[in-house]
Amino acid sequence: MQAPSVGGVQVPRGNGAAVRLPRGASLTDFAERIDANPASLVQVMFHLGEMVTATQSVSDETLQMLGSELGYVIQVVSPEDEDRELLESFDLTFGEDSGGEETLVARPPVVTVMGHVDHGKTKLLDAIRHTKVAEGEAGGITQHIGAYQVEVDHDGEKRAITFIDTPGHEAFTAMRARGASTTDIVVLVVAADDGVMPQTVEALNHAKAAEVPVVVAVNKIDKEGANPAKIRQQLTEYELVAEEYGGDTMFVDISAKSRINIEGLLEAILLTADAALDLRANPDQPAEGIAIEAHLDRGRGAVASVLVQRGTLRIGDSIVAGDAFGRVRAMYDEAGKQIDSAGPARPVQVLGLTSVPGAGDNFLVVEEDRVARQIAERRQARERNAELARRRPRISLENWGKVLSEGRAEHLNLILKGDVSGSVEALEHALLKIEVPGDEVALRIIDRGVGAITETNIDLAAASDAIIIGFNVRPEGRAREMADRAGIDIRYYSVIYQAIEEIEAALRGMLKPEYEEVHLGTAEVREVFKVPRIGNIAGAYVRGGTINRHSKARLVRDGAVVAENLTVESLKRFKEDATEVREGFECGVGVSYNDIKIGDVIETFEMREKPRA
């Protein structure tokens with residue numbers, strides 16, 4: 001049946017039929033599903049006011065709009081569902097033990113060590129493994145994720161425990177989150193002389209999100225000022241109640257440096273595993289697991305540290321890990337010793353992959369190299385399409401009214417960062433006092449802290465559609481780049497009342513227009529002329545754009561701005577006045593600033609009102 005003509009274009013009518021499409025699909029993908037000509041869908045999109053090519057990846061919203069116009073119900077497949085369907089097309093599954101109960105055997109617990117920086121996480125693993133890992137790390141801070149397996153005596157038998165050392169430095173929050181998702185038990189290390197710190201709370205939140213039991217290691221009990229009882233009291237505020245206080249969380253007092261009560265901690269881990277978890281896996285099925293970390297080694301190629309979760313990984317197996325594939329050429333344990341096989345809960349380094357997988361990617365063994373290559377290529381294509389698709393617009397103060405009217409949100413989520421705790425507390429107190437007529441919307445502060453805006457803050461803002469308020473602080477490291485890539489709205493303030501007014505205006509839908517700087521042109525000073533009663537005039541060559549009379553300008557020397565808030569007051573071509581001079585032409589420019597030198601650059605710009613979303 002033909003659809004009613006859309007701008008004179010005929011396409012098959014859906015009549016409510018469902019069409020499943022992957023994220024980042026193109027109009028060609030849609031056309032194949034409904035047996036239509038891709039060019040006709042391009043024309044339909046044109047008449048709907050969208051310029052889209054047939055092979056261009058488009059957003060979920062665009063697919064939904066086109067489907068609605070043609071009578072189809074578009075179901076955008078999530079990456080997880082798409083990956084599961086991809087594996088099922090090869091008669092493969094991930095995350096399931098094959099066979100029945102009789103095939104399952106006990107496996108070691110996988111333990112993640114978390115906590116605040118410099119609270120002794122690596123020293124603890126050093127004590128457990130009797131190695132010197134901490135001494136070889138920059139500044140004593142762990143800079144990577146490592147996995148290690150140790151054997152301990154428990155009730156007269158040898159029991160293995162696998163440890164994942166997750167960095168405590170704030171810049172590695174995303175890696176720490178992946179560590180929590182692969183673990184059975186979290187050991188939360190808290191220094192008895194320091195107490196609960198911001199990253200202690202972050203680590204605990206990751207553990208709660210992963211829904212895994214927590215064992216608290218109260219470290220540095222032999223230091224002056226140590227107060228283990230205070231740690232127990234502080235953690236009750238975060239729903240971790242010690243057994244001696246009637247709770248169900250095991251607290252163990254230790255000293256990693258002096259190796260005091262390390263056996264007690266290992267005992268607590270095994271007791272928690274036996275009491276709260278059923279840790280069994282089938283060692284006889286094809287291996288599956290998680291890539292903990294990976295890097296490119298100049299001599300050995302792609303090297304991946306993987307944790308086998310079920311099955312047994314052997315030399316010669318064909319594996320696919322994320323969008324990387326290959327054949328296991330060699331395997332090494334945590335001591336660098338080459339091994340032939342690795343069973344459930346065993347961490348190993350694998351050589352033989354054609355490229356570097358991402359940390360957190362799942363891996364599985366397949367029958368042939370050809371199948372591994374096909375799965376990897378399909379995953380690569382999916383990731384590429386999803387990246388090319390336009391991202392879902394994030395919530396910002398500008399589009400808050402639109403988001404509210406569409407019913408997409410009921411809370412305006414904020415993350416507060418300031419230079420001192422007093423400023424943050426004052427800002428939070430003032431913002432929470434804002435009263436908005438009606439009950440349709442509320443302001444919610446989901447995180448606050450002191451110091452620069454970090455990658456952790458960007459991750460949280462992306463996950464919760466939050467706006468970040470920076471009071472006298474700026475992003476550190478790669479945080480600004482991450483925010484731009486994720487479309488996170490960061491607001492910078494140095495006056496507390498300005499922040500309050502803008503947030504209140506957004507909540508009330510009364511935000512004033514915002515202006516942005518638009519670059520107009522650049523001119524290089526090649527000569528300086530002294531004019532009586534006027535001052536210095538720059539003889540300049542327009543390198544790009546246009547120089548306009550009366551536009552705003554700044555003077556740049558050796559990459560540094562030497563004068564701001566200037567205005568192009570005179571502009572001449574030879575002896576004639578000009579309103580503008582374009583790229584490639586010479587001109588005389590007067591900006592009422594005398595300290596002009598040959599080689600300086602005059603940049604012109606104007607302030608334009610930003611359009612509302």
Side-chain angles (χ1 to χ4, degrees), residues 1-95 318 320-325 354-355 357-358 361-364 366-393 485 487:
M1 181 183 294
Q2 293 294 320
S5 176
V6 182
V9 182
Q10 298 290 333
V11 290
R13 183 69 181 171
N15 294 326
V19 176
R20 289 168 61 82
L21 289 169
R23 184 154 294 149
S26 65
L27 298 189
T28 301
D29 298 327
F30 191 4
E32 288 175 358
R33 302 289 201 284
I34 64 174
D35 194 24
N37 184 350
S40 64
L41 298 189
V42 173
Q43 288 181 272
V44 173
M45 288 303 303
F46 178 76
H47 291 294
L48 291 175
E50 293 271 356
M51 294 290 291
V52 180
T53 65
T55 56
Q56 174 185 336
S57 294
V58 295
S59 66
D60 299 354
E61 292 80 6
T62 302
L63 292 171
Q64 300 280 5
M65 178 179 68
L66 179 58
S68 175
E69 184 68 26
L70 301 179
Y72 293 94
V73 177
I74 304 298
Q75 299 174 351
V76 179
V77 183
S78 69
E80 295 77 17
D81 289 342
E82 191 178 356
D83 199 56
R84 185 170 60 250
E85 291 174 7
L86 170 63
L87 294 179
E88 287 173 354
S89 68
F90 289 94
D91 294 324
L92 297 169
T93 59
F94 181 83
S318 295
V320 56
D323 57 5
F325 67 96
T354 55
S355 58
D361 283 348
N362 61 55
F363 83 85
L364 71 163
V366 296
E367 291 184 0
E368 305 175 41
D369 293 349
R370 174 182 57 84
V371 174
R373 181 185 298 106
Q374 289 174 346
I375 294 173
E377 288 174 350
R378 295 268 289 275
R379 282 174 169 171
Q380 288 171 4
R382 182 190 69 208
E383 289 296 325
R384 189 164 53 248
N385 290 339
E387 184 68 27
L388 290 173
R390 288 173 291 183
R391 296 179 179 87
R392 177 173 67 89
R485 197 164 59 240

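Looking at I74 and Y72, their side chains come closer than 4.5 Å, going by heavy atoms from C-beta outward. The side-chain heavy atoms of I375 and L364, taken from C-beta on, include no pair separated by under 4.5 Å. Residues D369 and S318 are in side-chain contact: their nearest non-hydrogen atoms beyond the backbone lie under 4.5 Å apart. When side chains are defined from C-beta on, M45 counts as touching T62, because their heavy atoms get closer than 4.5 Å. For the pair E69/M65, no side-chain contact is recorded, criterion being any heavy-atom separation below 4.5 Å from C-beta on.
Nearest heavy-atom pair across A324 and P357 is CB-N, 4.0 Å. Across P38 and T28, no two heavy atoms sit closer than the pair CB-OG1, 4.0 Å. Closest non-hydrogen pair, V320 versus V366, comes out as CG1-CG1, 4.4 Å. The minimum heavy-atom distance between L66 and F30, with the atom names listed, is CD2-CD2, 3.4 Å.
Applying the salt bridge (charged side-chain N to carboxylate O under 4.0 Å, His left out) rule to R33 yields no partners; only residues at least two apart in sequence or on another chain are considered. Residues satisfying the side-chain hydrogen bond (donor to acceptor under 3.5 Å, both in side chains) criterion with D323, sequence neighbours excluded, are absent altogether.
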Take V19 and L63 through the side-chain contact (heavy atoms from CB on, under 4.5 Å) test and state the conclusion after the steps. CA-CA 10 Å; V19 176; L63 292 171; over 6 Å; no

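We find the CG-OG1 distance between L27 and T53 to be 7.5 Å, quoted to the nearest 0.5 Å. To the nearest 0.5 Å, atoms CD (Q374) and CZ (R379) are separated by 13.0 Å.
Heavy atoms of other residues, nucleotides or ligands lying less than 6.0 angstrom from CD of E367 number 12 at most.
Under the 3.5 Å distance criterion, the side-chain polar atoms of T354 are matched with a main-chain donor or acceptor of F325.
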